[in-house]
Amino acid sequence: MRWWDIDPVLELEHELFPDDAWSAGMFWSELAHSRGPRATRRYVVAEDPVTGRIVGYAGLAAAGDLADVQTIGVTRDHWGGGLGSVLLTDLLKHATAFECAEVLLEVRVDNTRAQKLYERFGFEPIGFRRGYYQPGNIDALVMRLHVQEHVREHVQGTETD
C-alpha cells in the first residue's frame with residue numbers, strides 16, 4: 001500500500017466497517033512506519049487485474065517478537081474467493097521476516113466469516129476485549145498464532161503435496 005491507495009482503501013473501509021472505520025490519519029500513520037530499514041509495518045492492497053480497482057487490503061504491525069494483524073478487508077464481491085487467505089498469508093510471511101514469534105489479532109465476535117479464516121490458519125482464541133469496537137460497543141475476540149508452529153505445519157504440508 002502506498003499513499004495514493006489511501007483514498008480508495010478508505011472507500012472500501014467505510015463500506016465494510018461503517019461504524020468503526022479507520023480514518024485517513026490512521027492509515028497515514030501506519031504507512032509512515034512501513035518503509036525503510038526500521039520498518040515495523042506491512043500494508044498491502046490487492047487490485048482487480050481487469051479494472052485496477054482495489055478489492056482488498058491488509059496491515060500488520062510488529063514490535064519485538066510480537067506482531068498484530070491490524071486490518072484485513074475484502075470487497076463483498078470477492079468474498080469466498082480466497083483473497084482474504086492471500087492477504088493473510090502475505091502478512092504472516094512478513095511476521096516471520098520481522099522475526100516475530102507470535103501474531104495476535106482482534107476480530108468482532110459477530111464476524112464469524114473472519115474467525116473461520118483465522119482458525120484455518122491456526123489462530124486460537126485466547127480472550128475477549130469487552131466493548132472494543134466503538135461506537136457499537138461490540139466485543140472483540142482476541143486470537144493468537146505461534147508463528148514457528150504455523151511455518152512448520154506449512155512446510156510439512158507442502159513437502160507431502
Side-chain angles (χ1 to χ4, degrees), residues 1-35 39-48 51-95 98 100-147 150:
M1 183 185 299
R2 301 301 290 250
W3 65 266
W4 53 80
D5 296 320
I6 291 177
D7 284 342
V9 165
L10 278 174
E11 287 180 30
L12 182 52
E13 175 82 1
H14 284 280
E15 177 187 321
L16 296 171
F17 311 109
D19 295 332
D20 48 13
W22 282 24
S23 68
M26 292 169 77
F27 280 108
W28 277 103
S29 178
E30 290 295 296
L31 289 181
H33 299 284
S34 68
R35 299 276 184 257
T40 58
R41 305 291 193 273
R42 169 71 176 174
Y43 277 79
V44 295
V45 293
E47 295 180 349
D48 182 293
T51 65
R53 177 178 68 109
I54 290 178
V55 294
Y57 59 95
L60 178 86
D65 67 349
L66 184 64
D68 192 79
V69 174
Q70 300 290 299
T71 187
I72 295 182
V74 174
T75 58
R76 286 182 174 84
D77 59 330
H78 283 77
W79 284 4
L83 182 54
S85 292
V86 169
L87 292 168
L88 184 55
T89 297
D90 181 89
L91 296 184
L92 294 177
K93 285 180 184 175
H94 281 82
F98 285 134
C100 295
E102 294 181 336
V103 179
L104 296 175
L105 59 82
E106 294 88 16
V107 58
R108 289 173 61 115
V109 293
D110 58 357
N111 190 345
T112 55
R113 174 183 293 278
Q115 290 173 33
K116 288 178 182 178
L117 168 67
Y118 302 137
E119 288 169 0
R120 283 196 310 269
F121 275 77
F123 281 86
E124 298 175 336
I126 60 169
F128 293 93
R129 294 187 184 204
R130 303 287 176 209
Y132 183 78
Y133 293 99
Q134 295 298 326
N137 203 35
I138 306 296
D139 295 344
L141 174 64
V142 181
M143 302 181 82
R144 175 180 57 204
L145 174 71
H146 294 282
V147 174
H150 173 74

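The figures here come from the full heavy-atom set of this structure, side chains too, leaving out hydrogens, waters and symmetry mates.
Side-chain contact between D48 and T75 is absent, with no heavy atoms from C-beta onward closer than 4.5 Å. Considering only heavy atoms from C-beta on, I138 stays 4.5 Å or farther from D20 through its side chain. Within the 4.5 Å cutoff, the side chain of V74 has heavy atoms near those of the W79 side chain. Residues D139 and R130 meet the side-chain proximity criterion, which asks for heavy atoms closer than 4.5 Å.
Contact record, A62 with R41: O-NH1, 4.2 Å, taken as the closest heavy-atom pair. Considering every non-hydrogen atom in both A140 and Y133, the closest pair reads CB-CE1, 3.5 Å. Scanning all heavy atoms of the two residues, the minimum distance from P135 to D19 falls at CD-O, 2.8 Å. Across F98 and A39, no two heavy atoms sit closer than the pair CE2-O, 3.3 Å. The shortest non-hydrogen separation linking M1 to R35 is O-NH2, 3.3 Å. Shown here for G80 and R113, the closest heavy-atom pair between the two residues is N-NH1, 4.0 Å.
The distance from the CE atom of M143 to the CD atom of E119 is 4.5 Å, given to the nearest 0.5 Å. The distance from atom CG of L87 to atom CG of L83, rounded to the nearest 0.5 Å, is 4.5 Å. Rounding to the nearest 0.5 angstrom, the gap separating the CG atom in N137 from the OH atom in Y132 is 13.5 Å. The distance from atom CE of M26 to atom CG of L31, rounded to the nearest 0.5 Å, is 12.5 Å. Interatomic distance, F123 CZ to H146 NE2, rounded to the nearest 0.5 Å: 11.0 Å. K116 NZ to N111 CG: the interatomic distance, rounded to the nearest 0.5 Å, is 11.0 Å.
Of the possible polar contacts, none joining the S29 side chain to the G25 backbone as a donor-acceptor pair under 3.5 Å is found. Side-chain atoms of D65 never come within 3.5 Å of backbone atoms of C100 as a donor-acceptor pair (strictly under, hydrogens ignored).
When each of L91, L105, V107 is tested with I72 by the rule side-chain contact (heavy atoms from CB on, under 4.5 Å), just one qualifies, namely L91.
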Verdict with reasoning, S85 to F121, per side-chain contact (heavy atoms from CB on, under 4.5 Å): CA-CA 8 Å; S85 292; F121 275 77; 3.7 Å; yes

Audit row: V45, R2, side-chain contact (heavy atoms from CB on, under 4.5 Å) steps and yes/no: CA-CA 9 Å; V45 293; R2 301 301 290 250; over 6 Å; no

side-chain contact (heavy atoms from CB on, under 4.5 Å) between Y118 and L145, worked out: CA-CA 9 Å; Y118 302 137; L145 174 71; over 6 Å; no

Pair V147-L92, side-chain contact (heavy atoms from CB on, under 4.5 Å): steps then yes or no: CA-CA 8 Å; V147 174; L92 294 177; 5.6 Å; no

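Applying the 6.0 Å contact sphere to CD of E15 captures more than 12 heavy atoms from other residues, nucleotides or ligands.
Ionic pairing of D77 and R53 is present here: one or more N-O contacts between side-chain nitrogen and carboxylate oxygen are shorter than 4.0 angstrom.
Scored by the side chain to side chain contact (heavy atoms under 4.5 Å, CB included) test, E13 finds F17, A21, W22, F27, Y57, T71 as partners (sequence neighbours excluded).
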